[in-house]
Undergrad: 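Before we start, here is the structure in question, set down as structure tokens.
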Amino acid sequence: MNVEEEVGRLKEEIKRLGKLQSDGSYKVTFGTLFHDDQCANIFEALVGTLRAAKKRKVLTYEGELLLQGVHDNVEITLNPTPAAAASN
């Protein structure tokens, strides 16, 4: 799987597990993603995929490196798509 494809799958998983916000974004905690069985089966390196998505400005979260346990409560925000942002 290439990076763009993995980032696309990550977006789908955040939408599945996260909560839709009024601005069209989705929020999920790192722990929710990390401990989800479906995500574990999809992503060999979840942290690497998150970093690639953050670099592409697809999502935001505090810090650089997220570690299981220590950062389980860190919120990851999937930025709204331009269409979702425009409808608000």
Side-chain angles (χ1 to χ4, degrees):
M1 208 179 327
N2 68 30
V3 176
E4 296 303 325
E5 189 178 340
E6 280 209 17
V7 169
R9 297 282 298 274
L10 179 62
K11 287 167 61 174
E12 291 173 21
E13 293 305 308
I14 292 174
K15 286 180 181 179
R16 179 176 66 86
L17 296 168
K19 300 223 182 322
L20 179 62
Q21 306 298 302
S22 60
D23 65 357
S25 66
Y26 285 82
K27 288 193 179 194
V28 66
T29 63
F30 176 65
T32 300
L33 279 177
F34 191 89
H35 295 292
D36 182 72
D37 289 337
Q38 192 170 326
C39 283
N41 290 331
I42 295 171
F43 305 106
E44 285 184 33
L46 176 61
V47 172
T49 305
L50 285 166
R51 288 184 71 184
K54 184 176 182 180
K55 186 177 174 183
R56 287 166 173 73
K57 300 189 183 339
V58 170
L59 51 81
T60 57
Y61 56 85
E62 288 292 316
E64 282 299 309
L65 182 66
L66 298 175
L67 301 173
Q68 187 263 326
V70 179
H71 298 114
D72 280 359
N73 293 325
V74 171
E75 273 194 344
I76 297 168
T77 303
L78 176 63
N79 297 327
T81 61
S87 67
N88 289 327

Undergrad: Scan for salt bridge (Lys or Arg N to Asp or Glu O under 4.0 Å) pairs involving residues 31-42, sequence neighbours excluded, and state none if there are none.
TA: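 Output for this query lists R16-D36.
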Undergrad: Atom CG in L46, atom CD in E6: separation rounded to 0.5 Å?
TA: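 Taking CG in L46 and CD in E6, the distance rounds to 9.5 Å.
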Undergrad: With sequence neighbours excluded, give me every salt bridge (Lys or Arg N to Asp or Glu O under 4.0 Å) pair touching residues 39-52.
TA: none
Undergrad: Restricting to side chain to side chain donor-acceptor pair (under 3.5 Å), what partner residues turn up for Q38, sequence neighbours left out?
TA: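 Side chain to side chain donor-acceptor pair (under 3.5 Å) list for Q38, sorted by chain: E13.
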Undergrad: Hey, does the side chain of K54 reach the backbone of Y61 with a donor-acceptor pair shorter than 3.5 angstrom?
TA: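 A pair under 3.5 Å: yes.
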Undergrad: As an exercise, state the distance from CD of Q21 to CG of N79, rounded to the nearest 0.5 Å.
TA: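 With rounding to 0.5 Å, CD (Q21) is 12.0 Å from CG (N79).
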Undergrad: Restricting to side chain to side chain donor-acceptor pair (under 3.5 Å), what partner residues turn up for E4, sequence neighbours left out?
TA: R56
Undergrad: Sequence neighbours left out, cut at 3.5 Å: what donor-acceptor pairs do the side chains of residues 70-78 make with other protein atoms?
TA:
from	atom 1	to	atom 2	distance (Å)
H71	ND1	L67	N	2.8
D72	OD1	G69	N	2.9
D72	OD2	H35	NE2	3.4

Undergrad: Is there a donor-acceptor pair closer than 3.5 Å between any side-chain N or O of D23 and the backbone N or O of P80?
TA: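 Side chain of D23 to backbone of P80, a donor-acceptor pair under 3.5 Å: no, none is there.
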Undergrad: Which atoms form the tightest heavy-atom contact between C39 and L17, and what is the distance?
TA: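 Taking C39 first and L17 second, the nearest heavy atoms are SG-CD1, 3.9 Å.
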Undergrad: If we only count heavy atoms from C-beta on, is the S25 to T60 side-chain gap below 4.5 Å?
TA: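 Not in contact.
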Undergrad: Among residues at least two apart in sequence or on other chains, which ones pass ring pair (Phe, Tyr, Trp, His ring centres under 6.0 Å) with F34?
TA: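 Partners of F34 under the ring pair (Phe, Tyr, Trp, His ring centres under 6.0 Å) test: F30.
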Undergrad: Begin from the C-alpha positions of V58 and L10 and carry the test side-chain contact (heavy atoms from CB on, under 4.5 Å) through to its verdict.
TA: CA-CA 10 Å; V58 170; L10 179 62; over 6 Å; no
